[in-house]
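Down below is the structure, laid out as C-alpha coordinates.
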2 protein chains.
Amino acid sequence: MTDGVVERSRPRDRILETARDMFHKHGIKGVGVDAITEAAGTNKMTLYRHFESKDDLIVECLRANAAKAGAMWETFEAEHPGDKLAQLHAWVSKAAAMLNTDGRGCDMANAAAELTEPDHPARRVIKELKEAQRERLVGLCRDAGIGQAELLADTLSLLFEGARVSVQTVGTEGPSTQFVRMAEGLIVSFRGAAAG
Amino acid sequence: MTDGVVERSRPRDRILETARDMFHKHGIKGVGVDAITEAAGTNKMTLYRHFESKDDLIVECLRANAAKAGAMWETFEAEHPGDKLAQLHAWVSKAAAMLNTDGRGCDMANAAAELTEPDHPARRVIKELKEAQRERLVGLCRDAGIGQAELLADTLSLLFEGARVSVQTVGTEGPSTQFVRMAEGLIVSFRGAAAG
DNA sequence: TCTGGAAGTTACAGACCGGTAACACCCTAG
DNA sequence: CTAGGGTGTTACCGGTCTGTAACTTCCAGA
(Lines give C-alpha, C1' and ligand atoms only; values in the text may rest on other atoms or scores of the structure.)
Protein backbone atom coordinates (compact mmCIF):
# COMPACT_ATOMS: atom_id res chain seq x y z
CA MET A 1 0.00 0.00 0.00
CA THR A 2 2.61 2.50 1.06
CA ASP A 3 5.41 0.98 -0.90
CA GLY A 4 5.92 2.03 -4.43
CA VAL A 5 9.47 1.06 -5.19
CA VAL A 6 9.20 -2.67 -5.47
CA GLU A 7 10.43 -2.72 -9.03
CA ARG A 8 13.23 -5.14 -9.61
CA SER A 9 16.28 -2.99 -9.19
CA ARG A 10 19.24 -3.54 -6.95
CA PRO A 11 18.32 -3.51 -3.28
CA ARG A 12 20.67 -0.67 -2.54
CA ASP A 13 18.95 1.54 -5.07
CA ARG A 14 15.52 0.59 -3.81
CA ILE A 15 16.53 1.34 -0.24
CA LEU A 16 18.01 4.70 -1.19
CA GLU A 17 14.99 5.71 -3.25
CA THR A 18 12.51 4.56 -0.63
CA ALA A 19 14.41 6.24 2.17
CA ARG A 20 14.53 9.51 0.24
CA ASP A 21 10.79 9.39 -0.24
CA MET A 22 9.96 8.45 3.32
CA PHE A 23 12.41 10.88 4.92
CA HIS A 24 10.91 13.59 2.78
CA LYS A 25 7.33 12.76 3.71
CA HIS A 26 7.65 11.82 7.35
CA GLY A 27 10.89 13.37 8.49
CA ILE A 28 14.07 11.58 9.42
CA LYS A 29 13.30 10.75 13.01
CA GLY A 30 9.79 9.85 11.97
CA VAL A 31 10.95 6.87 9.94
CA GLY A 32 12.70 3.78 11.23
CA VAL A 33 14.98 1.55 9.23
CA ASP A 34 12.52 -1.32 9.55
CA ALA A 35 9.83 0.73 7.84
CA ILE A 36 12.23 1.73 5.07
CA THR A 37 13.36 -1.79 4.29
CA GLU A 38 9.83 -3.14 4.39
CA ALA A 39 8.62 -0.45 1.98
CA ALA A 40 11.63 -1.13 -0.21
CA GLY A 41 10.74 -4.79 -0.33
CA THR A 42 13.86 -5.95 1.43
CA ASN A 43 15.13 -6.38 4.95
CA LYS A 44 17.21 -4.72 7.58
CA MET A 45 20.31 -6.86 7.16
CA THR A 46 20.58 -5.90 3.52
CA LEU A 47 20.34 -2.25 4.46
CA TYR A 48 23.18 -2.58 6.92
CA ARG A 49 25.27 -4.41 4.33
CA HIS A 50 25.06 -1.37 2.06
CA PHE A 51 25.06 1.45 4.60
CA GLU A 52 27.17 1.73 7.70
CA SER A 53 24.36 3.17 9.77
CA LYS A 54 21.16 5.13 9.54
CA ASP A 55 23.20 8.31 9.67
CA ASP A 56 25.18 7.11 6.68
CA LEU A 57 21.95 6.41 4.83
CA ILE A 58 20.73 9.90 5.67
CA VAL A 59 23.87 11.42 4.21
CA GLU A 60 23.55 9.38 1.03
CA CYS A 61 19.93 10.45 0.69
CA LEU A 62 20.89 14.09 0.98
CA ARG A 63 23.57 13.67 -1.66
CA ALA A 64 21.12 11.90 -3.94
CA ASN A 65 18.67 14.76 -3.48
CA ALA A 66 21.33 17.27 -4.40
CA ALA A 67 22.25 15.26 -7.47
CA LYS A 68 18.64 15.25 -8.58
CA ALA A 69 18.40 18.99 -7.98
CA GLY A 70 21.59 19.44 -9.96
CA ALA A 71 20.04 17.63 -12.89
CA MET A 72 17.30 20.24 -12.86
CA TRP A 73 19.82 22.92 -13.71
CA GLU A 74 20.86 21.02 -16.77
CA THR A 75 17.30 21.11 -18.07
CA PHE A 76 17.38 24.89 -17.74
CA GLU A 77 20.49 25.01 -19.90
CA ALA A 78 19.00 22.51 -22.34
CA GLU A 79 15.73 24.43 -22.71
CA HIS A 80 17.33 27.86 -22.95
CA PRO A 81 20.82 27.23 -24.30
CA GLY A 82 23.06 30.19 -23.69
CA ASP A 83 20.19 32.42 -22.55
CA LYS A 84 21.12 32.85 -18.90
CA LEU A 85 18.35 35.30 -18.17
CA ALA A 86 15.75 32.88 -19.48
CA GLN A 87 17.31 30.20 -17.30
CA LEU A 88 16.92 32.46 -14.30
CA HIS A 89 13.25 32.91 -15.09
CA ALA A 90 12.98 29.17 -15.51
CA TRP A 91 14.45 28.78 -12.04
CA VAL A 92 11.78 31.07 -10.63
CA SER A 93 9.09 29.20 -12.47
CA LYS A 94 10.36 25.83 -11.32
CA ALA A 95 10.65 27.04 -7.74
CA ALA A 96 7.08 28.29 -7.81
CA ALA A 97 5.88 24.98 -9.18
CA MET A 98 7.56 23.15 -6.32
CA LEU A 99 5.75 25.35 -3.84
CA ASN A 100 2.41 24.19 -5.17
CA THR A 101 3.17 20.54 -5.70
CA ASP A 102 5.08 19.77 -2.55
CA GLY A 103 3.80 20.78 0.84
CA ARG A 104 7.02 19.76 2.53
CA GLY A 105 9.99 22.07 2.75
CA CYS A 106 13.53 21.54 1.57
CA ASP A 107 14.90 18.19 2.70
CA MET A 108 18.17 19.71 3.77
CA ALA A 109 16.49 22.42 5.78
CA ASN A 110 14.17 19.90 7.38
CA ALA A 111 17.09 17.63 8.17
CA ALA A 112 18.97 20.53 9.73
CA ALA A 113 15.94 21.23 11.89
CA GLU A 114 15.82 17.66 13.08
CA LEU A 115 19.47 16.75 13.44
CA THR A 116 20.58 19.21 16.07
CA GLU A 117 23.80 17.57 17.20
CA PRO A 118 26.49 20.04 16.07
CA ASP A 119 28.81 17.29 14.84
CA HIS A 120 26.21 15.16 13.14
CA PRO A 121 27.68 13.90 9.84
CA ALA A 122 24.68 15.24 7.95
CA ARG A 123 25.33 18.80 9.03
CA ARG A 124 28.58 19.23 7.15
CA VAL A 125 27.18 17.80 3.92
CA ILE A 126 24.08 19.99 4.26
CA LYS A 127 26.31 23.02 4.52
CA GLU A 128 28.48 21.81 1.65
CA LEU A 129 25.53 21.14 -0.64
CA LYS A 130 23.73 24.36 0.23
CA GLU A 131 26.85 26.38 -0.49
CA ALA A 132 27.22 24.65 -3.83
CA GLN A 133 23.63 25.52 -4.70
CA ARG A 134 24.25 29.10 -3.76
CA GLU A 135 27.34 29.26 -5.96
CA ARG A 136 25.30 27.97 -8.82
CA LEU A 137 22.57 30.56 -8.45
CA VAL A 138 25.11 33.35 -8.02
CA GLY A 139 26.85 32.21 -11.17
CA LEU A 140 23.60 32.18 -13.08
CA CYS A 141 22.76 35.71 -11.96
CA ARG A 142 26.23 36.91 -12.84
CA ASP A 143 26.16 35.27 -16.27
CA ALA A 144 22.74 36.81 -16.82
CA GLY A 145 24.47 40.17 -16.65
CA ILE A 146 23.17 41.28 -13.30
CA GLY A 147 25.44 43.63 -11.44
CA GLN A 148 24.86 42.71 -7.83
CA ALA A 149 24.64 39.03 -8.61
CA GLU A 150 25.41 37.82 -5.09
CA LEU A 151 22.79 40.06 -3.56
CA LEU A 152 20.10 39.01 -6.02
CA ALA A 153 20.96 35.34 -5.69
CA ASP A 154 20.90 35.52 -1.92
CA THR A 155 17.62 37.40 -1.95
CA LEU A 156 16.00 34.92 -4.30
CA SER A 157 17.21 31.93 -2.37
CA LEU A 158 16.07 33.42 0.92
CA LEU A 159 12.67 34.13 -0.57
CA PHE A 160 12.39 30.61 -1.90
CA GLU A 161 13.58 29.06 1.31
CA GLY A 162 11.12 31.17 3.24
CA ALA A 163 8.31 30.29 0.89
CA ARG A 164 8.95 26.60 1.39
CA VAL A 165 8.73 26.81 5.14
CA SER A 166 5.70 29.05 4.81
CA VAL A 167 3.97 26.38 2.77
CA GLN A 168 4.84 23.92 5.48
CA THR A 169 3.40 26.04 8.27
CA VAL A 170 0.38 27.88 6.84
CA GLY A 171 -0.14 26.05 3.58
CA THR A 172 -0.12 27.08 -0.05
CA GLU A 173 -2.54 29.97 0.43
CA GLY A 174 -0.19 32.01 2.60
CA PRO A 175 2.58 34.48 1.76
CA SER A 176 4.13 31.98 -0.63
CA THR A 177 1.48 32.83 -3.22
CA GLN A 178 3.37 36.06 -3.82
CA PHE A 179 6.67 34.34 -4.50
CA VAL A 180 6.68 34.73 -8.28
CA ARG A 181 5.65 38.35 -8.14
CA MET A 182 8.38 39.09 -5.61
CA ALA A 183 11.05 37.22 -7.53
CA GLU A 184 10.22 38.68 -10.92
CA GLY A 185 10.01 42.14 -9.45
CA LEU A 186 13.45 41.71 -7.93
CA ILE A 187 14.97 40.55 -11.19
CA VAL A 188 13.50 43.55 -13.00
CA SER A 189 14.74 45.84 -10.29
CA PHE A 190 18.26 44.41 -10.33
CA ARG A 191 18.43 44.52 -14.08
CA GLY A 192 17.41 48.14 -13.97
CA ALA A 193 20.27 48.99 -11.65
CA ALA A 194 23.80 49.58 -12.87
CA ALA A 195 24.92 46.36 -14.50
CA GLY A 196 28.59 46.68 -13.73
CA MET B 1 24.81 21.23 34.20
CA THR B 2 22.25 21.38 31.45
CA ASP B 3 19.40 22.50 33.64
CA GLY B 4 18.96 26.14 34.31
CA VAL B 5 15.41 26.42 35.51
CA VAL B 6 15.65 24.97 38.98
CA GLU B 7 14.49 28.17 40.62
CA ARG B 8 11.64 27.66 42.99
CA SER B 9 8.63 28.31 40.84
CA ARG B 10 5.64 26.12 40.31
CA PRO B 11 6.52 22.81 38.70
CA ARG B 12 4.22 23.46 35.78
CA ASP B 13 6.03 26.68 34.94
CA ARG B 14 9.41 25.04 35.26
CA ILE B 15 8.37 22.18 33.00
CA LEU B 16 6.98 24.56 30.39
CA GLU B 17 10.05 26.76 30.44
CA THR B 18 12.45 23.85 30.32
CA ALA B 19 10.54 22.13 27.57
CA ARG B 20 10.53 25.30 25.48
CA ASP B 21 14.26 25.59 25.83
CA MET B 22 15.00 21.95 25.12
CA PHE B 23 12.59 21.66 22.22
CA HIS B 24 14.19 24.73 20.75
CA LYS B 25 17.72 23.45 21.11
CA HIS B 26 17.33 19.78 20.36
CA GLY B 27 14.09 19.52 18.42
CA ILE B 28 10.86 17.96 19.58
CA LYS B 29 11.56 14.34 18.77
CA GLY B 30 15.07 14.81 20.07
CA VAL B 31 13.88 15.34 23.62
CA GLY B 32 12.06 12.86 25.81
CA VAL B 33 9.76 13.71 28.66
CA ASP B 34 12.16 12.12 31.11
CA ALA B 35 14.92 14.50 30.05
CA ILE B 36 12.58 17.47 30.36
CA THR B 37 11.39 16.65 33.84
CA GLU B 38 14.89 15.88 35.03
CA ALA B 39 16.20 19.20 33.72
CA ALA B 40 13.21 20.95 35.27
CA GLY B 41 14.02 19.42 38.63
CA THR B 42 10.85 17.41 38.85
CA ASN B 43 9.53 14.08 37.65
CA LYS B 44 7.43 12.51 35.00
CA MET B 45 4.30 12.04 37.09
CA THR B 46 4.11 15.74 37.82
CA LEU B 47 4.41 16.50 34.12
CA TYR B 48 1.49 14.23 33.33
CA ARG B 49 -0.58 15.79 36.09
CA HIS B 50 -0.28 19.17 34.35
CA PHE B 51 -0.25 18.11 30.70
CA GLU B 52 -2.41 15.50 29.05
CA SER B 53 0.38 14.21 26.88
CA LYS B 54 3.65 15.17 25.26
CA ASP B 55 1.67 16.52 22.32
CA ASP B 56 -0.29 18.73 24.70
CA LEU B 57 2.96 19.99 26.17
CA ILE B 58 4.24 20.75 22.67
CA VAL B 59 1.15 22.82 21.91
CA GLU B 60 1.49 24.76 25.15
CA CYS B 61 5.13 25.45 24.38
CA LEU B 62 4.24 26.81 20.97
CA ARG B 63 1.60 29.06 22.48
CA ALA B 64 4.06 30.28 25.10
CA ASN B 65 6.57 31.06 22.36
CA ALA B 66 3.96 33.05 20.47
CA ALA B 67 3.04 34.94 23.61
CA LYS B 68 6.66 35.86 24.15
CA ALA B 69 6.98 36.95 20.53
CA GLY B 70 3.82 39.00 20.94
CA ALA B 71 5.36 40.80 23.88
CA MET B 72 8.17 41.87 21.56
CA TRP B 73 5.72 43.85 19.49
CA GLU B 74 4.67 45.79 22.53
CA THR B 75 8.23 46.93 23.06
CA PHE B 76 8.24 48.30 19.52
CA GLU B 77 5.17 50.36 20.31
CA ALA B 78 6.63 51.41 23.64
CA GLU B 79 9.93 52.53 22.15
CA HIS B 80 8.41 54.28 19.15
CA PRO B 81 4.94 55.30 20.26
CA GLY B 82 2.77 56.08 17.29
CA ASP B 83 5.65 55.97 14.84
CA LYS B 84 4.70 52.92 12.83
CA LEU B 85 7.52 53.29 10.35
CA ALA B 86 10.07 53.34 13.13
CA GLN B 87 8.42 50.24 14.55
CA LEU B 88 8.83 48.52 11.20
CA HIS B 89 12.51 49.35 11.21
CA ALA B 90 12.71 48.08 14.76
CA TRP B 91 11.19 44.82 13.58
CA VAL B 92 13.89 44.49 10.93
CA SER B 93 16.56 45.26 13.46
CA LYS B 94 15.19 42.79 15.96
CA ALA B 95 14.89 40.11 13.30
CA ALA B 96 18.50 40.65 12.26
CA ALA B 97 19.63 40.40 15.84
CA MET B 98 17.86 37.07 16.21
CA LEU B 99 19.70 35.76 13.17
CA ASN B 100 23.03 36.38 14.85
CA THR B 101 22.19 35.27 18.35
CA ASP B 102 20.22 32.12 17.62
CA GLY B 103 21.47 29.50 15.24
CA ARG B 104 18.21 27.61 15.35
CA GLY B 105 15.29 28.49 13.15
CA CYS B 106 11.75 29.39 14.11
CA ASP B 107 10.30 26.94 16.60
CA MET B 108 7.04 26.71 14.72
CA ALA B 109 8.75 26.06 11.41
CA ASN B 110 10.98 23.45 13.01
CA ALA B 111 8.00 21.83 14.67
CA ALA B 112 6.17 21.74 11.35
CA ALA B 113 9.18 20.04 9.81
CA GLU B 114 9.20 17.40 12.51
CA LEU B 115 5.53 16.75 13.10
CA THR B 116 4.43 15.51 9.73
CA GLU B 117 1.16 13.85 10.66
CA PRO B 118 -1.46 16.02 8.91
CA ASP B 119 -3.81 15.96 11.90
CA HIS B 120 -1.24 16.49 14.60
CA PRO B 121 -2.68 18.93 17.15
CA ALA B 122 0.36 21.15 16.82
CA ARG B 123 -0.21 21.76 13.13
CA ARG B 124 -3.41 23.71 13.54
CA VAL B 125 -2.00 25.95 16.27
CA ILE B 126 1.12 26.54 14.19
CA LYS B 127 -1.04 27.70 11.32
CA GLU B 128 -3.19 29.78 13.63
CA LEU B 129 -0.22 31.48 15.28
CA LYS B 130 1.64 32.07 12.04
CA GLU B 131 -1.41 33.66 10.49
CA ALA B 132 -1.79 35.92 13.49
CA GLN B 133 1.83 37.00 13.16
CA ARG B 134 1.26 37.73 9.50
CA GLU B 135 -1.78 39.85 10.29
CA ARG B 136 0.28 41.82 12.74
CA LEU B 137 3.05 42.57 10.27
CA VAL B 138 0.57 43.46 7.55
CA GLY B 139 -1.15 45.82 9.94
CA LEU B 140 2.13 47.46 10.84
CA CYS B 141 3.02 47.98 7.19
CA ARG B 142 -0.40 49.37 6.45
CA ASP B 143 -0.32 51.74 9.43
CA ALA B 144 3.12 52.84 8.32
CA GLY B 145 1.48 54.20 5.21
CA ILE B 146 2.73 51.62 2.77
CA GLY B 147 0.50 51.03 -0.20
CA GLN B 148 1.01 47.39 -0.94
CA ALA B 149 1.16 46.47 2.71
CA GLU B 150 0.32 42.80 2.24
CA LEU B 151 2.98 42.34 -0.40
CA LEU B 152 5.67 44.03 1.65
CA ALA B 153 4.72 42.17 4.79
CA ASP B 154 4.75 38.85 2.98
CA THR B 155 8.06 39.61 1.35
CA LEU B 156 9.64 40.61 4.62
CA SER B 157 8.35 37.59 6.45
CA LEU B 158 9.49 35.25 3.69
CA LEU B 159 12.92 36.82 3.75
CA PHE B 160 13.15 36.48 7.50
CA GLU B 161 11.87 32.94 7.47
CA GLY B 162 14.35 32.07 4.76
CA ALA B 163 17.17 33.74 6.62
CA ARG B 164 16.43 31.69 9.71
CA VAL B 165 16.61 28.40 7.87
CA SER B 166 19.71 29.61 6.05
CA VAL B 167 21.40 30.23 9.37
CA GLN B 168 20.41 26.75 10.38
CA THR B 169 21.87 25.14 7.28
CA VAL B 170 24.95 27.15 6.28
CA GLY B 171 25.48 29.28 9.37
CA THR B 172 25.55 33.00 10.03
CA GLU B 173 28.03 33.76 7.25
CA GLY B 174 25.71 32.76 4.43
CA PRO B 175 22.99 34.65 2.55
CA SER B 176 21.41 35.74 5.82
CA THR B 177 24.11 38.38 6.23
CA GLN B 178 22.31 40.38 3.55
CA PHE B 179 18.97 40.33 5.36
CA VAL B 180 19.03 43.88 6.69
CA ARG B 181 20.15 45.31 3.37
CA MET B 182 17.40 43.44 1.57
CA ALA B 183 14.70 44.39 4.05
CA GLU B 184 15.63 48.06 4.24
CA GLY B 185 15.88 48.24 0.48
CA LEU B 186 12.43 46.78 0.16
CA ILE B 187 10.92 49.24 2.60
CA VAL B 188 12.47 52.14 0.73
CA SER B 189 11.25 50.73 -2.54
CA PHE B 190 7.71 50.21 -1.28
CA ARG B 191 7.59 53.67 0.25
CA GLY B 192 8.69 55.12 -3.07
CA ALA B 193 5.85 53.44 -4.89
CA ALA B 194 2.33 54.91 -4.96
CA ALA B 195 1.06 54.90 -1.40
CA GLY B 196 -2.57 54.33 -2.20
C1' DT C 1 26.90 -28.58 -12.58
C1' DC C 2 29.24 -26.50 -9.12
C1' DT C 3 30.37 -22.53 -6.34
C1' DG C 4 30.56 -18.14 -4.15
C1' DG C 5 28.60 -14.10 -3.02
C1' DA C 6 24.46 -11.40 -2.53
C1' DA C 7 20.16 -11.36 -0.44
C1' DG C 8 16.49 -13.04 2.78
C1' DT C 9 14.98 -14.83 7.47
C1' DT C 10 14.60 -15.12 12.27
C1' DA C 11 15.82 -13.94 16.56
C1' DC C 12 17.83 -11.13 19.62
C1' DA C 13 20.41 -7.38 22.37
C1' DG C 14 20.21 -3.09 24.69
C1' DA C 15 18.45 1.21 24.90
C1' DC C 16 14.89 4.53 24.86
C1' DC C 17 10.16 6.02 24.30
C1' DG C 18 5.41 7.78 26.20
C1' DG C 19 2.47 6.83 29.77
C1' DT C 20 0.55 4.73 34.25
C1' DA C 21 0.00 2.61 39.04
C1' DA C 22 0.81 2.63 43.79
C1' DC C 23 2.57 4.68 47.45
C1' DA C 24 5.26 7.94 50.54
C1' DC C 25 5.98 12.61 51.61
C1' DC C 26 5.46 17.45 52.86
C1' DC C 27 3.41 21.69 53.50
C1' DT C 28 -0.22 24.62 53.95
C1' DA C 29 -5.14 25.82 55.11
C1' DG C 30 -8.52 25.04 58.28
C1' DC D 1 -3.29 19.15 65.29
C1' DT D 2 -5.24 17.41 61.32
C1' DA D 3 -6.77 16.68 56.77
C1' DG D 4 -5.87 16.93 51.97
C1' DG D 5 -3.88 18.25 47.78
C1' DG D 6 0.30 18.90 45.29
C1' DT D 7 4.54 16.67 44.79
C1' DG D 8 8.23 13.10 44.72
C1' DT D 9 9.70 8.13 44.21
C1' DT D 10 9.93 3.70 42.32
C1' DA D 11 8.62 0.38 39.45
C1' DC D 12 6.55 -1.06 35.64
C1' DC D 13 3.96 -1.70 30.83
C1' DG D 14 4.09 -2.29 25.97
C1' DG D 15 6.07 -0.55 22.17
C1' DT D 16 9.78 1.10 19.10
C1' DC D 17 14.38 2.13 17.99
C1' DT D 18 19.25 1.03 15.89
C1' DG D 19 22.19 -2.55 15.14
C1' DT D 20 23.95 -7.54 15.14
C1' DA D 21 24.38 -12.78 14.91
C1' DA D 22 23.61 -17.01 12.78
C1' DC D 23 21.68 -19.26 9.42
C1' DT D 24 19.25 -20.29 4.93
C1' DT D 25 18.09 -19.42 0.18
C1' DC D 26 18.82 -17.98 -4.29
C1' DC D 27 21.04 -16.96 -8.50
C1' DA D 28 24.54 -15.79 -11.77
C1' DG D 29 28.92 -16.91 -13.67
C1' DA D 30 32.62 -20.18 -14.48
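Sequence lines set the chain letters: A, B, ... in the order given, protein chains first and strands last, and positions in each chain run from 1. Hydrogens, waters and symmetry mates are skipped; everything else that's a heavy atom, side chains included, is used. Here the structure is a predicted model, which means the values were calculated and not measured.
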### Message
Ring-plane angle category for Phe179(A) and Phe160(A), please: parallel below 30°, perpendicular beyond 60°, tilted otherwise.
### Response
tilted

Margin query: So for Lys44(B) and dG19(C), does any side-chain atom that can act as donor or acceptor lie under 3.5 Å from a complementary atom in the base?
Written below: yes

Regarding the side chain of Met45(A), the nearest nucleotide among dG19(C), dT10(C), dC23(C) is dT10(C)

Whole-Å distance, Arg12(B) CZ to dG8(D) P, equals 15 Å

Rounded to whole Å, CZ of Arg10(B) lies from C1' of dG8(D) at a distance of 18 Å

(message) Can a donor-acceptor pair be found, under 3.5 Å and without considering hydrogens, that links the side chain of Ser189(B) to the backbone of Gly185(B)?
(response) no

note: His26(A), atom NE2; dC17(D), atom C1'; distance rounded to Å ~ 17 Å

Is there a side-chain polar atom (N or O) of His50(A) under 4.0 Å from OP1 or OP2 of dA7(C)? yes

Separation of dT16(D) atom P from Asp34(B) atom CG, nearest Å, is 18 Å

When rounded to whole Å, the CD1 to P distance for the pair Ile36(B) and dG18(C) reads 8 Å

Closest of dG8(D), dG19(D), dT7(D) to the Ser53(A) side chain is dG19(D)

Of the listed dC23(D), dT20(C), dT9(D), the closest approach to the Tyr48(B) side chain comes from dT20(C)

Output yes when a side-chain donor or acceptor of Thr177(B) lies under 3.5 Å from a complementary backbone atom of Glu173(B), and no otherwise.
-> no

Glu38(B) CD to dT9(D) P, in whole Å, measures 11 Å

Checking dT18(D), dG19(C), dG8(C) against the side chain of Lys54(B) (C-beta onward), the nearest is dG19(C)

Whole-Å distance, Asn43(A) CG to dA22(D) C1', equals 14 Å

| message | Check this one for me: any side-chain N or O of Thr46(A) less than 4.0 Å away from OP1 or OP2 of dG8(C)? | response | yes

Rounded to whole Å, the CD1-P distance (Ile15(A) to dT18(D)) equals 14 Å

Any N or O donor-acceptor pair linking the side chain of Arg49(A) to the base of dG5(C) at under 3.5 Å?
no

Donor-acceptor check, side chain of Ser93(B) to backbone of His89(B), threshold 3.5 angstrom: yes or no? no

Whether Arg14(A) side chain and Thr42(A) backbone form a donor-acceptor pair below 3.5 Å:
no

Residue pair Thr42(B)/Glu52(A) against DNA chain D: nearer the 5' end by closest nucleotide is Thr42(B)

